[in-house]
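Data block below; observations after.
For ligands, and for the atoms within them, numbers begin at 1 and follow the listed sequence.
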Amino acid sequence: MTIEIVDVNITSPGRNFVTLKITTSDGIVGLGDATLNGRELAVASYLSDHVASMLIGRDEDRIEDTWQYLYRGPYWRRGPVTMAAIAAVDMALWDIKAKKAGMPLYQLLGGASREGVRVYAHASGTDYAALKNAITGYEELGYTAVRVQTGVPGLGQIYGVSNAGPGVRYDYEPAKRSGDRPSEETWDTRNYLTHMPGVFSQIREDFGTDLRILHDGHHRMSPIEAARFAKDIEPYDLFWLEDCTPGEDQTALRLVRQHSTTPLAIGEVFNSVFDYQTLITERLIDYVRSAVTHTGGITAMKKLLDFAAIYGIKSGIHGPTDISPVGMAAALHLDLAIHNFGIQEYMPHNEQTLEVFQTSFTFDKGFLHPGDKPGLGVDLDEDAAAGHEYTKAYLPVNRLLDGTVHDW
Ligand code: GCO
Ligand code: MG
């Protein structure tokens, strides 16, 4: 059989998603996530203007060949737009293959290596009281791991901190529907570095040693600042410190490693195994943070995680709300199958999103499972999707207190 129809679906049930839908000549449908936060239409155009026509008539079973054709074929390689587009095709083809086999995708990846996938939630608060309230709420829901982000004195709205106030949802949606340009936030690394160790200390005092605590530096520290920070927070036993330095500078992490045993995670802005070559071979990280959606899909992510496994490095796949339920399903099937699973990020999608994308995920005491429907196990309700028109949204831009643009 061959690929007969290729559609690109754009919908915005509270936030934008781009989904590739491939239909074969015998009517099997595969879905792939192509969402690139704040740059959604660029990937949609890459797919509909440059990729769709090349897929028509191809054998849907030739996943590796199609991957190589899309990666090597255009001469221009890598980059988030290209790799998100390739990822979407790859996920859709795996979805089709698993549906044809009548199996959930994880079975084709080697079968389950565990009963469920430990996930971490996003706990945040503008001050410690709000953060404590959020952590308590997640513990009550059964989570065993939380990423903690909190306001810093002297700064306003900052990365990772929900200003929604106490409630059942404590997570954070960074993309803002702010019209034609991004909103702006302010930052001061010194204030942050002075404030955070006390927060971790307080969390350990209040919640004990069982809770897995994660934290995201969001690329804002210089190598020496990150080294100092990672060393200062060692006593609080973090599960990981994520993105402490700017992602493109692989050797920056040598300095951090030399000074601290705090586990390090990086990679949500990466899109290729080559972004990790130094990091993995020199054992400069402990967790791979790529999204399946931004790293060339299941085919590429499996190779990347197998490469990491040789060096004792584990997975920590990116799973914010800007990864659609389709991309999340791809992550969960991989998580379940691979041996070197570490943890999975989980920011549950809102109700409107889950009406558009129907999943069969189950959550039990801090562990997620993708479900046992054939394929990825996610359906796209196109009528529901059509009710949510694309709305431009941007990630914020960051400035230091003197106005200098800084990493967000
Ligand atoms: C995370 C991330 C996200 C990103 C977002 C950008 O660890 O989940 O840092 O919150 O900021 O995915 O689109
Ligand atoms: Mg992050």
Exercise. So, the side chain of Ser315 versus the backbone of Gly342: is there a donor-acceptor pair under 3.5 Å, distance only?
Worked result: yes
Seminar exercise, completed: What lies under 2.8 Å from the Mg ion (ligand 2), restricted to protein N/O/S atoms, is Asp216 OD2, Glu242 OE2, Glu268 OE1
What are the distances between nitrogen or oxygen atoms of ligand 1 and protein nitrogen or oxygen atoms, counting only those under 3.5 Å?
residue: ligand 1; atom: 7 (O); partner: Arg147; partner atom: NH1; Å: 3.3
residue: ligand 1; atom: 7 (O); partner: Asp216; partner atom: OD2; Å: 3.0
residue: ligand 1; atom: 7 (O); partner: Glu242; partner atom: OE2; Å: 3.1
residue: ligand 1; atom: 7 (O); partner: Glu268; partner atom: OE1; Å: 3.0
residue: ligand 1; atom: 7 (O); partner: Arg289; partner atom: NH2; Å: 3.0
residue: ligand 1; atom: 8 (O); partner: His318; partner atom: NE2; Å: 3.4
residue: ligand 1; atom: 8 (O); partner: Glu345; partner atom: OE1; Å: 3.2
residue: ligand 1; atom: 8 (O); partner: Glu345; partner atom: OE2; Å: 2.4
residue: ligand 1; atom: 9 (O); partner: Tyr159; partner atom: OH; Å: 2.8
residue: ligand 1; atom: 9 (O); partner: Asp216; partner atom: OD2; Å: 3.0
residue: ligand 1; atom: 9 (O); partner: His218; partner atom: NE2; Å: 2.9
residue: ligand 1; atom: 9 (O); partner: Glu268; partner atom: OE1; Å: 3.0
residue: ligand 1; atom: 9 (O); partner: Glu268; partner atom: OE2; Å: 2.7
residue: ligand 1; atom: 10 (O); partner: Tyr159; partner atom: OH; Å: 2.8
residue: ligand 1; atom: 11 (O); partner: His218; partner atom: NE2; Å: 2.8
residue: ligand 1; atom: 12 (O); partner: His318; partner atom: NE2; Å: 3.4
residue: ligand 1; atom: 12 (O); partner: Asp322; partner atom: OD1; Å: 2.9
residue: ligand 1; atom: 12 (O); partner: Asp322; partner atom: OD2; Å: 3.1
residue: ligand 1; atom: 13 (O); partner: Asn37; partner atom: ND2; Å: 2.8
residue: ligand 1; atom: 13 (O); partner: Asp322; partner atom: OD2; Å: 3.1

Exercise. Do side-chain atoms of His369 reach the backbone of Leu332 as a donor and acceptor pair under 3.5 angstrom?
Worked result: no
Exercise. Residues two or more places apart in sequence or in another chain: which of them pass salt bridge (charged side-chain N to carboxylate O under 4.0 Å, His left out) with Asp95?
Worked result: Lys99
Exercise. Taking atom CE of Met91 and atom CG of Asp33, what is their separation to the nearest 0.5 Å?
Worked result: 5.0 Å
For this session: Step by step, work out the side-chain hydrogen bond (donor to acceptor under 3.5 Å, both in side chains) result for Tyr276 and Thr281.
Result: CA-CA 8 Å; Tyr276 285 97; Thr281 55; over 6 Å; no
For this session: Apply salt bridge (charged side-chain N to carboxylate O under 4.0 Å, His left out) to Arg254 and list each qualifying residue two or more places apart in sequence or on a separate chain.
Result: Glu282
Exercise. Mind checking whether Tyr394 and Trp408 have ring centres under 6.0 Å apart?
Worked result: no
For this session: Taking the six-membered ring for Trp and the full ring for Phe, Tyr or His, determine whether the centres of Tyr236 and His215 are under 6.0 Å apart.
Result: no
For this session: Using the ring of Phe17 (Phe, Tyr or Trp, six-membered ring only), decide whether Arg15 places NZ or CZ under 6.0 Å from its centre and within 45 degrees of its axis.
Result: yes
